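What follows is a set of notes on a single structure, which appears directly below.
Note that ligands are numbered from 1 as they come in the structure, with each ligand's atoms numbered from 1 the same way. The figures that follow rest on heavy atoms only: side chains count, while hydrogens, waters and symmetry mates do not. Please read all numbers here as calculations on a predicted model, not as lab measurements. One-based numbering along the sequence shown.
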Amino acid sequence: MHNRHTKNTHRYQPRYIKTFLSSELTEKRKQLEEIFTSCSLCPWNCAVNREEDEKGRCRAGNDLMIAKALPHFGEEPALTGARGSGTIFFTHCHLQCTFCQNYQISQENRGRKITPDELALIMLDLQEQGCHNINLVSPTHFLPRIVAALEIAIPAGLSLPLVYNSNGYEKAETLKLLDGIIDIYLPDAKYRDDALAQSFSRAKEYSRYNLSSLQEMYRQVGTLRINQYGIAEQGLIIRHLVLPHHLQNTRDVLQSLKDRLGSEIHISLMGQYFPTQGVLHNPYLNRRLTSEEYQKAISFLEEMGFDNGWLQEPDTVDKSFIPDFTKDGSWN
Ligand code: SF4
């Protein structure tokens, strides 16, 4: 595959600047706060009052929590560039994938509480360090607090594209409130087989929620635009992690993306699957992907005419790819 570069010699202005200047950002934050009081930010619709620190399926309460913030060099090249993607890992997750590589934060809930003011400072610091974007990893369950942080960071000079890095189990209604805030959507498309989603991620109706949310993301930001320096500015990148033994799922995911969004979209076909301790007993998940399986997945891409995006051969990754959130500093 190769990247299609749309030349753009103008300095990109993130979408949130206009939204902030028109006071719409504050309006959106208030709407998200209202949802927070009987939480239905994600498909679980737990209806708990997060303001009162009640916890739902994701186990997040009222306070923002992050596990790590750093310039990250392991993302797609158009996000990483030369100076890294300014990545902020939020604690907790509303999916509970048995094979999660970030299980220390998604399932063991590691991290520290911070205020929106502190999050704003973290964003500005990542910008100061030269990062190409602000990359919000698993942001869904903290959206009102993240938008509150943006209201502080934008007048203080934040001007990097904002990346929404998600497991793809989202509600289109929630995403509609992010229109005019997010520049780059980076969702997963994990499954088209709901039984598999239930078994591996304990998610109901993953496929329906995933497809409707991807369509909403695409409606907002369109096909990925990459500037003359090879850096992504706005658009959609869809990630698919190829699982061992499950090539039919990969084929179905790709076919559905082609049917709904066309073959111009950017796909990141990930071969980095590595079995964590929790799945060593599972005969379907207890080994890495083989080169043959990955080559087969590539052949599906080619047959369907996908020409934009990135590949990641299984041989290029090892156990060090699993981040350790118990250590300080970078694990890149
Ligand atoms: S964000 Fe958390 S509390 Fe809110 S609906 Fe989703 S899982 Fe439930």
Measuring from the heavy atoms of N45, does anything fall under 4.0 Å of ligand 1?
yes
Which protein non-hydrogen atom lies closest to [atom], naming both residue and atom, and how far is it?
atom                    : answer
atom 8 (Fe) of ligand 1 : C46 SG, 2.3 Å
atom 4 (Fe) of ligand 1 : C39 SG, 2.3 Å
atom 6 (Fe) of ligand 1 : C42 SG, 2.3 Å

Measure from the ring center of F200 to the ring center of H246 and say whether it is less than 6.0 Å.
yes
Within a reach of under 6.0 Å around CD of E205, are more than 12 heavy atoms found that belong to other residues, nucleotides or ligands?
yes
Atom CD of E34 with >12 non-hydrogen neighbours under 6.0 angstrom
no
Got a sec: is C58 within less than 2.8 Å of atom 2 (Fe) of ligand 1 via an N/O/S atom?
yes
Out of all atoms in ligand 1, which are within 4.0 Å of some heavy atom of H141? Include the element for each.
1 (S)
Salt-bridge criterion met for R219 and E216 (N-O under 4.0 Å):
yes
Tell me whether R15 is salt-bridged to D179, with the criterion being a basic N under 4.0 Å from an acidic carboxylate O.
yes
